Structures are given as structure tokens and as C-alpha cells.
Amino acid sequence: QDQTPIALEDGWRDMEAGIARLKRILHGVDGTSFTSQEYINLYTMIFNMCTQKPPYDYSEQLYKRYKQALEEYIKSTVLPSLKSKHGEFLLRELVERWKNHKVMVRWLTRFFHYLDRYYVSRKLLLPLKELGLSCFHDLVFGGLKTTLTTIVIDMVDNEREGQLIDRALLKDVVGIYLEIGQGSVGLYELDFEKAFCKGTTDYYSKKAQIWMLEDSCPEYMLKVEDSLQKEKERVGHYLHASTEEKLLEGTILELISWRAEEILYKENSGCRVLLLDGKYEDLSRMYRLFSKIDAGLFHVSKIFKEHVKEEGMSLLKHAADAANGTKNEKKEAVGSPEQEFVRKAIELHDKQLAYVTNCFQNNSAFHKALKAAFEDFCNKDVAGCTSAESLASFCDSILRKGGSEKLSDEVVEDTFDKVVTILSYISDKDLFVEFHRKKLGKRLLFDKSANNEHERSLLSKLKQYFGGQFTAKMEGMLNDVSTARDHQTAFEEYMRDKLPNHRVDFSVTVLTTGFWPSYKTSNINLPSEMIKCVEIFKDYYNSKQKSKRLTWIYSMGNCNIVAKFDAKPIELIVTTYQAAMLLLFNGSERLSYSEIVTQLNLPDDDAVRLLHSLSCAKYKILNKVPSNRIISPNDVFQVNHKFIDKMRRIKVPLPPTDEKKKVVEDVNKDRRFSIDASIVRIMKSRKVMGHQQLVAECVEQLSRMFKPDIKIIKRRIEDLISREYLERDLETANTYRYLA
Amino acid sequence: VSTNLTSRKAQRVPTKAVSKEIERIDQLFYTYADGSSSMIDPEGIETLCSHLEVPHTDVRILMLAWKMGCEKQGYFTLDEWRTGMKALRADSISKLKKAFPELVQEVTRSSNFQDFYPYAFRYCLTEDKKKCIEIPVACELLNLVLSLQFRPQVEKLINYLKHQNEYKVINMDQWMGFLRFCNEINFPSLDNYDADQAWPLILDNFVEWLRASEN
């Protein structure tokens with residue numbers, strides 16, 4: 001260190017020369033680059049000037065002059081060149097100048113490097129690189145950034161309108177924002193991204209307005225989806241990845257969130273219309289788009305629910321109209337309005353479920369909406385019938401002879417599955433079971449069941465879905481019938497043995513009490529031919545089962561009788577009662593009403609029904625005097641010998657009595673027992689319980705079979721109190737205690 | 001429970017003044033009692049009432065029965081008579097008459113009323129096994145027992161009970177419900193009545209009927 005210290009101006013002269021050389025290189029004037037020696041010289045100059053002993057250590061001045069050199073360059077060269085440019089040209093110029101600046105800073109930092117090693121950190125100053133870049137920021141960028149952002153946004157808007165733009169340029173410009181931030185995105189976000197996102201939302205806000213006026217809902221949604229895709233791509237082309245989320249969020253807000261109701265409820269093309277017209281693709285798109293916004297799917301599922309409900313209600317209206325005969329609709333409907341309703345409801349369910357699966361991605365909100373809608377209209381009456389009865393009637397139409405023989409097993413099985421689905425929506429399930437049981441009894445006893453396998457199949461599906469107690473009785477009924485068939489051969493042998501000359505074919509079905517519905521019967525006087533059969537069976541049965549007692553229900557029997565009319569004999573298929581009545585005429589040519597009633601020992605209402613079916617209906621087996629259509633106690637009857645029909649065998653129907661009321665009564669009675677049992681069960685396990693809780697649990701427990709009326713539950717609780725199963729707690733209000 | 005002269009001997013020997021009192025009480029009893037049954041029967045009670053100048057359907061007679069702890073409606077036994085008269089410190093008709101105002105006050109004190117109110121119901125049960133009283137009887141009893149304190153509610157309730165035909169009898173649980181209703185529910189606004197709570201169903205229906213008739 002025994003050299004003379006270098007004077008500042010001397011040393012600086014060398015540096016300036018170097019800087020000037022650098023500028024020339026940058027401007028493409030000087031083709032050569034710095035040699036290693038030149039570089040070392042410049043570096044060493046700084047080194048020396050910084051390591052000289054004070055007052056010759058010029059670190060502070062050199063630091064300042066570094067900055068000044070850059071600033072001077074910017075002011076003299078960069079700023080003027082930018083001032084004169086506009087639009088895209090300005091962007092290009094800026095990109096170019098920035099490139100140069102970075103090179104300049106890079107070289108200068110190398111020359112002045114020694115300052116970075118000690119001076120900068122000791123004085124806690126900005127390192128040379130940062131200082132260099134911040135010069136550009138402070139002098140150039142700071143003033144221009146708003147203009148820049150506007151130009152960029154304009155260019156992007158043009159691209160959105162379909163024009164081709166210089167994406168590379170934009171990428172470079174965005175790069176400047178990022179680099180000037182020197183590692184953090186803060187500058188980018190503040191100076192660029194915020195304004196850019198605002199520009200985007202402004203753009204789409206305008207677009208949304210136009211599209212809303214001009215386009216239908218599906219068209220609008222297509223444009224939205226397309227826009228979102230394009231914006232996403234845009235980020236990849238020239239924006240920073242972190243912008244994607246904010247950009248899309250803003251776009252979605254403008255295009256979907258603010259316009260959600262307008263889109264969904266657009267006249268003639270909104271969600272409801274799409275559902276009505278089966279527009280799967282459009283609905284799928286709607287689902288995708290609305291799943292992007294808060295509560296978006298909630299609104300769509302609400303419309304879906306309303307749609308299904310309305311479709312269901314219109315089915316009910318059709319049924320009501322058909323029942324009243326108000327609409328002369330095309331008679332494609334087979335069966336009663338109630339059965340048609342069930343058929344249509346199943347179709348509706350399939351169709352709507354397809355929407356949930358195919359368009360709404362099996363989203364649980366839509367499953368719930370479907371369920372709620374069906375639960376709503378499936379519990380309303382169908383043309384005066386309960387939905388439970390309608391469903392049972394529908395099943396009956398499939399299971400009885402003449403119902404479904406043309407359908408394949410697969411179709412029948414599938415239909416049963418659908419029946420179970422519909423039943424799951426009906427709250428009065430116990431009412432369905434009772435109607436189904438009653439109709440099953442009729443089918444079995446009058447030999448109207450088409451296919452035993454089908455009967456069992458439906459029962460097993462019901463059992464699987466709703467539990468064994470649902471179907472136990474009906475399974476018992478089927479078993480009784482198959483047992484009877486098994487024993488029939490043995491009985492026939494027995495009968496042939498004991499009554500070799502008695503030529504009456506006779507079969508008996510023994511019903512296990514409790515499985516079958518209760519049937520009304522009366523002490524009708526049977527003709528002797530029938531009595532003989534009954535007695536023989538009694539003997540036979542007692543020889544097999546000593547302990548059991550038989551009660552005969554002749555009202556449910558049927559009989560084939562050959563009537564020898566003048567023209568030809570015809571086999572009549574009638575009920576046992578009808579047969580007993582006809583056989584009276586084997587003894588007398590003419591009988592009066594009162595004679596018939598006395599001889600048969602029938603109550604009047606039965607007698608009237610029977611006589612009407614034989615003398616005033618389609619087949620006039622008996623002649624009635626006077627020959628009007630009303631049975632009166634003064635009538636006189638005789639066989640119509642002239643009766644003729646082209647068939648050899650005819651069924652003479654006996655219209656059934658209306659059992660609806662009885663079924664409902666029986667079900668209500670059972671419900672009272674069920675409610676009592678449930679309350680006692682709950683109280684026994686909990687000992688003490690509040691009123692509302694007890695009611696809620698009771699409803700919950702019974703919900704599998706029916707929806708109990710809250711008032712009835714209260715009534716049952718009071719009844720149980722008076723029967724001393726429970727008491728009111730004296731200290732706590734609204735609370736009950738179990739009395740052991 | 002019948003007493004006769006022979007069982008009197010089983011009682012302990014009282015002091016002279018007290019035994020004089022007991023004598024007077026017993027004597028008074030026998031002036032109204034029926035000779036064969038040794039109880040005051042309904043006829044006897046009617047006579048007693050006319051001497052007291054109180055109608056025999058008056059609530060005060062019911063209160064007297066309560067004070068005596070009478071078990072059978074329309075009959076007073078000697079033991080019951082003694083219990084009541086001693087408690088009221090009365091051994092003559094005039095003293096009994098004077099004791100009435102205080103008796104009424106005592107009964108209407110809420111702690112006693114909680115006991116008197118169900119007693120009134122039980123008192124009206126006819127056969128041993130029966131647990132309910134018929135609607136007309138219930139209406140009369142309500143009038144007798146509650147109309148002093150709760151006239152508006154009782155009037156409406158009686159009107160309703162006569163109109164409705166779902167219930168033909170009232171049981172103890174419902175009877176107690178009526179008192180709770182009068183005590184707890186704002187009348188005639190009914191604004192704090194909640195049918196989702198454990199009120200007897202008959203009261204739910206009553207409130208529904210009231211609200212419907214207002215519209």
C-alpha cells in the first residue's frame with residue numbers, strides 16, 4: 001500500500017470511459033465485448049479506491065456516482081426515447097430499454113462489485129443490483145405504469161374481441177412488472193394485477209348485459225364457459241400463474257353470480273324450460289357453471305324440485321280429470337286413472353333421476369330435491385283414492401291374470417323395483433300393505449293370481465327394503481295356498497274313498513288366522529250337495545289336525561255350476577253364495593224374495609246384491625217379476641230357461657262391496673296400538689322424558705310404517721296416563737315418568 | 001266408616017272443658033244424623049244447610065267436606081264431623097257459620113287450593129272404580145270451584161265443554177290441566193299457549209275453538 005492514493009477524479013475518469021464503452025456496446029455501436037483484462041482493470045480501480053486509507057477511501061462517493069451514472073443514462077437516453085412513443089410502440093420500446101438496463105446494471109455491478117462486499121452491508125444500503133433496478137423503477141416505470149397497464153388492458157380487450165395480438169410482447173411487459181418487483185409479486189399485484197382484474201370485470205360486465213338481452217339461456221352459458229376457458233388460457237400465455245384464481249373469480253362474479261337469477265329464470269329458455277325439453281347438455285353445463293358460485297347449486301336444485309313437483313301435480317290433475325270424465329283424452333290409458341297415475345309417476349321418476357345422474361353428477365342436493373318433490377305429491381290423493389291404495393291397485397293389475405302375462409320377467413322385476421321406490425315416498429306405508437294384503441287375498445282365493453313367482457318376488461323386495469314385519473302375514477298367505485294345493489290330492493283320495501258316489505269336485509283352502517284379512521261371513525244354508533263336501537273335509541281335517549278349529553267362510557268361495565238351459569248347457573262360474581241361490585231353483589220353479597231369504601238364511605243386503613247379479617246385470621240367469629233393475633221384497637224369480645250365450649262357460653260377476661272404509665278403519669286401529677307400544681317402549685327405556693322429545697322419538701320410530709298424527713299421539717299419551725303406564729312429573733313441566 | 005256409641009268408649013278421657021266441647025259437637029252431629037246409619041245423609045245435610053243459611057250446592061259446603069276429609073259424597077261420618085268441627089273450633093251452628101269466611105280464605109290460599117281442587121274432583125266420583133266425571137257434572141264443579149278466581153276462563157271453558165262432543169267425560173289429568181291453564185295462560189290473549197307442549201288435548205282443542213271463534 002505504498003502507492004500514492006488514486007484521486008477520485010482520476011479514477012472516475014477511467015470508470016466513465018468504461019461506462020461509455022458499455023453504452024456503445026449496448027447500442028450496437030461497438031461490436032466487441034469487454035476483455036477480461038479490461039474488466040479486471042475496472043474492477044481493480046474500484047477496489048483500490050475503496051481500500052485506500054482515509055481520506056482517500058471513496059466508497060461513499062463511488063456508491064453515489066454509480067447511481068448517478070445510471071440515472072444520467074436514463075434521463076438522457078431512456079426517457080426521451082419513451083416519451084415519443086405510444087400504445088404498442090411504447091411497450092416495445094420499454095421492453096427494449098429494460099433489457100438494456102438490466103445488461104447495464106449487470107456489468108456495472110461487476111465493475112463496482114467491491115462496494116457490495118463491505119460498504120453496502122456495513123452501511124445497510126441497497127445492494128448495487130437492487131439499486132440499479134430501482135433507478136429504472138423510480139425514474140421510468142413509476143411514471144409510466146398506469147399508462148402501461150391501460151395499454152395492456154386495451155390490447156387484451158382486443159384479443160377478447162377476436163383480434164390477434166402480440167402475446168410475446170405482453171409476456172415481456174408483464175415480465176417487467178415481475179422483475180422490477182425483484183422476487184416478490186407485490187409490485188405486480190399492486191401496479192398491474194389489480195387494474196387488470198378490474199378491466200376484466202368491466203369488460204365482462206358489459207358483455208353480460210349484451211348477452212343477456214340477445215341470447216337464450218343455453219347460448220349465454222356457452223359463452224360463459226367459453227370465456228372462462230379463454231381467460232384461463234390467457235393466464236398461461238402472458239400472465240403470472242397467481243392471477244388465474246382472481247381473474248376467474250372476477251369473471252364468474254360478473255357473468256354468473258350477479259346474473260344468476262336472470263340466467264336461471266330466463267323466459268322460454270331458463271332452467272325450467274331446459275328440464276321440460278330434456279336438454280341434457282345444457283343442463284350439465286348449467287350444473288358445472290353454477291357449482292362455481294356460492295349457493296349456485298342450491299338455486300338450481302330448488303328449480304329442479306319445483307319442476308318435479310309441478311310435473312307430479314299435473315299427473316294428479318290428469319287422474320282427477322280422467323276420473324271425472326271431464327277430459328276426452330286419447331284413450332291410451334289402460335286401467336283406472338289411479339293405476340295410470342302410478343305408471344306415469346314411475347316414468348316421471350325415471351326421467352328425473354336420469355337428470356340427476358347424467359346432468360347433476362349425482363349431487364346429493366339434487367337427490368334430496370327429487371325425494372322431497374316426490375314425497376310432496378305422492379302423498380296427495382289420486383282422483384279420490386289415497387296414493388297407497390292406488391299403488392296397491394297398480395300392483396294388483398300386474399299380478400292378476402290378464403295383467404302382465406305379456407311382459408317379460410325382467411320388465412316385471414324392474415317394475416316391482418320402481419314400485420318399491422314410489423312406496424318409499426309414501427308416508428302411509430301401512431295403508432299400502434293393508435290394501436295389498438286385501439287384494440292378494442282376493443287374487444289367491446278367486447284364483448286370479450297370474451304368477452306365484454311374481455307374488456313372492458314383490459314381497460321379497462318389500463321385505464328387503466322395509467323389513468320383515470311388513471310382509472310376514474302375506475308370506476303366510478302364500479304359504480297357506482301352497483299348503484292347500486299340496487294336500488288337495490290326499491283329500492281328493494280321501495273323499496273318493498268315503499263318498500264314492502258323490503260327484504262333486506271340492507277343494508278347500510285353510511287360512512291361518514291372523515295372516516289373512518278378516519272376512520265377513522254369515523250362516524248361509526248350503527245345499528245338501530255342498531254340505532256333504534264340507535262334512536267330509538271336516539272329518540279329513542280332524543284326522544290330520546285334531547286340535548285346530550275351523551271357521552267356514554263361504555262368502556269367499558267360488559263354484560262352477562253347469563246350468564242346463566234350453567239351447568245348450570252352459571258352465572257358470574259364480575261365488576258359492578250365488579251357486580247356493582241358484583241351486584234353490586232345482587227344488588222350485590219360482591221363488592219369491594222372502595222365500596229365498598228364508599231358505600238361504602241371508603241378510604237383506606247380501607240377498608239384494610246376489611239377486612241383482614243374477615237377474616239385473618249383464619247375464620240374466622234368472623228372470624225377475626217385475627222386470628225392473630231394482631230388487632224389492634215383492635219380487636218373484638224364476639230360472640231363465642231361454643238364456644243363451646255363444647260361450648260355453650261364462651263368469652257371472654258379483655260386484656264387491658266397498659272395503660275402502662274398513663281398510664282405513666283397521667289401519668287406524670292398528671296405528672293406535674303401534675303408537676301405544678312405541679310410547680311405552682320409549683318410556684320404559686328412558687324412564688323420564690320431555691313431551692316434545694317423546695313425540696319426536698315416537699314419530700321417528702314409527703316413520704317406517706306411517707306418519708302419526710301429533711294429536712293422536714297426545715291422545716294416546718293421555719290414555720296411557722289414565723291406564724297408569726305413565727304419569728306427569730310433578731316437578732318438571734311437560735315431562736312424563738314411566739310407572740313400572 | 002261408621003261409628004257407634006260403643007266405640008266412643010275406646011277414646012281416651014279428655015279434660016273437662018274439652019269433653020264438654022266434644023259432647024256438644026257430638027250432640028250437634030246427632031241432631032242431623034240418620035238414626036239407622038249413624039251418618040249425616042244428604043237429607044241431613046240439606047237441613048244443616050238451611051240452618052246455616054247456605055244453599056247446599058254452595059262451594060262452602062264442599063270446603064267444609066274437604067276440611068272434614070269426607071270420603072263419600074253426600075255423607076258425613078261422626079269422625080269426619082269431629083275432625084272438621086274441631087279444626088274450625090265450632091261446636092254450634094252459629095260458631096260454624098262464623099267460621100266460614102276464614103275457611104274460604106284458608107282454602108283459596110294456593111297451597112291449600114292445590115289440595116282442595118283435586119279433592120273436589122274425587123268427591124264427585126260416584127262408584128269406587130270410576131275415574132271420570134261426566135261433562136255436565138264437570139261443568140258445574142268448575143263453576144263452583146274456579147269461577148271466583150277465574151270467571152272469564154271458566155265461562156268460556158264450560159261453554160266449550162258443552163259444545164264439543166269428542167269427550168264425554170273428564171278425568172283427573174284433564175281436571176288438573178284446567179287449573180294449570182287458568183294459573184299459567186294469559187287470558188284472553190292466550191299468547192303463551194303452546195300446543196306443542198304437554199297440555200291435555202282437550203285444552204289444545206279448546207284453545208283452537210277460542211281462536212277460531214274470534215275470527
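The shown structure was predicted, so the numbers you read here are calculated from the model rather than taken from an experiment. Letters A, B, ... are given to chains in the order of the sequence lines, protein chains preceding strands, and every chain is numbered from 1.
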- State plainly whether the residues A:Arg715 and A:Asp719 are in salt-bridge range, i.e. N to O under 4.0 Å. no

- With a 4.5 angstrom heavy-atom cut-off, could you sort out which part of B:Glu184 is near chain A: side chain, backbone, both or neither? neither

- Between B:Tyr32 and B:Phe29, is the ring centre distance below 6.0 Å? no

- Task: Output yes when A:Lys380 and A:Asp376 qualify as a salt bridge under the 4.0 Å nitrogen-oxygen rule, no when they do not.
- Result: yes

- Message: I need the residue from B:Asn171, B:Asp204, B:Ile202 with the largest number of non-hydrogen atom pairs under 4.5 Å to chain A.
- Response: B:Asp204

- Task: Using non-hydrogen atoms and a 4.5 Å limit, figure out which bit of B:Asp196 sits close to chain A: side chain, backbone, both or neither.
- Result: both

- Item | A:Thr386 side chain to A:Lys660 side chain, donor-acceptor N/O pair below 3.5 angstrom | no

